[in-house]
Student: 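Mind looking over this structure? Questions follow.
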Amino acid sequence: MYIDDSVLNNDEKIIFNLRSIYSNAGYSQFKMSKFEEYDMYVANKDFLISDNIITFTDTNGKLMALKPDVTLSIIKGFKEKEGFVQKLYYNENVYRISKGTNAFKEIMQVGLECIGDIKEEDIAQVLLLAAKSLKSISKKAVLDISNVSLIAEVLDKVDSSIKTEILKCIGEKNTFELQKVCKENNVDENTASLLKSLVSLYGKPSKVIPQLKELFTSDNAKQAIAQFESIALLFEKENLGDMLNIDFSVVNTIKYYNGIVFKGFIESVPNGVLSGGQYDKLLQKLGKKAKAIGFAVYLDQLEDIDVIGGNN
Amino acid sequence: MEFLNVALPKGRLGEKVYAMFEKAGFECPSIKENNRKLIFENEERMVRYFWVKPSDVAIYVERGAADIGVAGKDILLEYEPDIYELLDLNIGKCRMAVAAPKGFKDNKKKTLKVATKFSNIAKDYYTKMGRDIDIIHLNGSIEIAPILGLSDVIVDIVETGTTLKENNLEVIETIVPISARFIANKTSFKFKGEQIEKLVNELSNQIEVEND
């Protein structure tokens, strides 16, 4: 079948590009139902970006919801087997509140999930796919990576009542407010300075990693830094080194994410267009031992940009 | 290099901010010409300024129309934009406070009527205290509300307190101190990081000198 691609909108072109990238990388498409039982979202509502969900009653009286999120639906059905890794991609609409109008909005998402007995190579592949996704949309793209377990380790030393506030400061790169919060709550100097360095340290891995090594010496931190190093190396090899940054202002919910987390930006789109991370903790909560990592590309902001096309 | 777009808050605060930016090496002489232009550029420094309503700065920055800007903490708390907050410029200082007619006693048996421009801040503050309130959103002249019996108290910015005093009102609680903050769009920070960082460094030197 011949399709004249001049009839495609930008976001549609992007979707087709992304789908071919993922399917060439060995991911298979997962098509899901538009609705889910509301109960599942209530039980895991911290994982969702917003509490607001469109609900309705099914013909048999069950309370249903229009999907606000795809990840939960995918991992729900995952069956564990030793040594088994499931690689899926999806292209679905989710329903969330849009900030400006405070009304529900349909957002097209393309993303992938890698679930199961995943190894470092699988994680690295997901990151590469995230980078390639961004590159397929715009030449000027940046992938920021962070590690929540590194942040969580430092955060463990502060009182739980101020954790959210501190995380918000890290997410805003707000050194001033961070210092103020630390001072007002008598956070010890060492912890405060480590927190501050999490805000001020960002940029190319070659610049940030040596400084991280000096500051963070626990086994857990060493592991995280070693992972940064191997990812940086891989990106160099793939000629994507330019787009990789370490930046701890990528703070996803610590409750569900555990290892690496990342966010993708492209020039001319004011907010991040790609977001993802490793979320073993969410699977643990659902009683599964498997590990998982994934990301989503938000297409609602991409209507206006010029697609460079092609996935090579 | 591309132009760095700066949203400045119209008014006295914005002029102070521009003076700081000028001193930091991001000058744009045309901005001082007395005309009705809205946008000012200096190609030498690759910087472009524009004046917007102070409460709109955060929106321009969040949506990427401006790469950076200066907004009061009150606006950031109220609107909660998804941006980086890089510096406290230590100017435009005031506080967000609860004020009431002199001698006011809070009757805890009743719902408290709060008049304010800052609904979010007021709601957050009273939710934390577990107090049931009724928010009356006004866009200006908040001080008049308790006098006319429209509300019990007001939540508003207090600078010197003169307006309050002249209307027989007084501050009963400070919610949070406010000052002007330097904010940046997240994407711009990735792609124009060098220019933004240079400006941040220069500005923070200026702030330190002032504090010494």
Side-chain angles (χ1 to χ4, degrees), chain A residues 49-50 98-100 102 134 137-145 161 164-165 168-181 184 199-204 207 242-251 262-275 298 301-302 304-305, chain B residues 1-5 7 56 58-69 71 73 76-91 93 119-120 124 128 176-194 196-197 200-201 203-204 207-208 211:
Chain A
I49 286 170
S50 131
S98 123
K99 199 177 164 190
N102 215 11
L134 291 168
I137 301 168
S138 165
K139 278 188 180 126
K140 286 199 167 168
V142 162
L143 186 70
D144 279 353
I145 58 172
S161 62
T164 335
E165 219 171 321
K168 189 165 174 264
C169 292
I170 296 176
E172 287 175 345
K173 291 187 182 293
N174 195 339
T175 332
F176 164 79
E177 206 78 40
L178 178 75
Q179 281 171 316
K180 209 177 94 186
V181 174
E184 277 168 8
V199 177
S200 54
L201 275 179
Y202 59 85
K204 293 273 155 273
K207 183 190 112 189
D242 280 352
M243 69 182 296
L244 189 69
N245 273 335
I246 292 177
D247 192 321
F248 292 101
S249 72
V250 183
V251 279
F262 47 95
K263 202 162 190 166
F265 296 86
I266 58 174
E267 204 184 32
S268 81
V269 178
N271 301 308
V273 294
L274 180 151
S275 168
Y298 300 97
Q301 297 191 63
L302 300 177
D304 298 333
I305 68 154
Chain B
M1 201 158 54
E2 280 182 64
F3 269 106
L4 187 67
N5 297 310
D56 289 342
I59 298 172
Y60 281 82
V61 174
E62 185 185 32
R63 300 234 167 198
D67 299 310
I68 55 170
K73 184 70 182 174
L76 302 179
L77 287 170
E78 179 64 23
Y79 180 66
E80 297 189 312
D82 184 19
I83 43 94
Y84 290 138
E85 186 181 324
L86 298 174
L87 275 180
D88 181 351
L89 294 179
N90 239 333
I91 53 174
K93 280 187 176 178
S119 307
N120 252 339
D124 271 3
K128 267 183 203 155
V176 63
I178 305 287
S179 58
R181 306 295 164 94
F182 179 94
I183 58 174
N185 176 273
K186 289 193 171 178
T187 302
S188 303
F189 192 82
K190 315 289 161 196
F191 296 98
K192 296 178 181 174
E194 246 171 74
I196 296 175
E197 262 174 69
V200 167
N201 287 337
L203 290 174
S204 63
I207 298 163
E208 262 166 44
N211 282 356

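Residue numbers start from 1 in every chain, and the chains themselves are labelled A, B, ... in the order their sequence lines are given, proteins ahead of strands.
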Student: Would you mind checking which part of B/Asp82 comes under 4.5 Å of any heavy atom in chain A, side chain (CB onward), backbone (N, CA, C, O), both or neither?
Tutor: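 Both backbone and side chain.
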
Student: Once ring pair (Phe, Tyr, Trp, His ring centres under 6.0 Å) is applied, do any residues pair with A/Tyr298, and if so which ones, sequence neighbours excluded?
Tutor: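 Per chain and number, A/Tyr298 pairs via ring pair (Phe, Tyr, Trp, His ring centres under 6.0 Å) with no residue.
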
Student: How long is the span from the CG atom in A/Asn174 to the CD1 atom in B/Ile83, to the nearest 0.5 Å?
Tutor: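 The CG atom of A/Asn174 sits 8.5 Å away from the CD1 atom of B/Ile83.
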
Student: How close do B/Gly64 and A/Pro270 get, heavy atom to heavy atom, and via which atoms?
Tutor: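 Closest approach of B/Gly64 to A/Pro270: N-CB, 3.7 Å.
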
Student: Do you know the tightest heavy-atom contact between B/Lys186 and A/Gly171?
Tutor: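 Here B/Lys186 and A/Gly171 meet closest at NZ-O, 3.8 Å.
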
Student: State, with a plain yes or no, whether a side-chain heavy atom of A/Asp247 is found less than 4.5 Å away from one of B/Lys190.
Tutor: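 Yes. Closest side-chain heavy atoms under 4.5 Å.
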
Student: Rounded at 0.5 Å granularity, tell me how far CD in A/Glu177 sits from NZ in B/Lys73.
Tutor: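 Here the interatomic distance stands at 4.0 Å.
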
Student: Taking ring pair (Phe, Tyr, Trp, His ring centres under 6.0 Å) as the definition, give me every residue that meets it alongside B/Phe189, ordered by chain and number, with sequence neighbours left out.
Tutor: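 Here the qualifying residues are A/Tyr202, B/Tyr84.
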
Student: If you measure from CZ on B/Arg181 to CD on A/Glu172, what distance do you get to the nearest 0.5 Å?
Tutor: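 CD of A/Glu172 is found 9.5 Å from CZ of B/Arg181.
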
Student: Side chain, backbone, both or neither: which part of A/Val269 has a heavy atom under 4.5 Å from chain B?
Tutor: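 When you check distances to chain B, only backbone atoms of A/Val269 fall under 4.5 Å.
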
Student: Would the number of heavy atoms belonging to other residues, nucleotides or ligands and lying under 6.0 Å from NZ of A/Lys207 be above 12?
Tutor: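 Atom NZ in A/Lys207 is crowded, with more than 12 foreign heavy atoms closer than 6.0 Å.
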
Student: Checking the side chain of B/Thr187 only, and the main-chain atoms of A/Phe265 only, is there a donor and an acceptor separated by less than 3.5 Å?
Tutor: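 The answer is no, because no donor-acceptor pair under 3.5 Å joins these two groups.
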
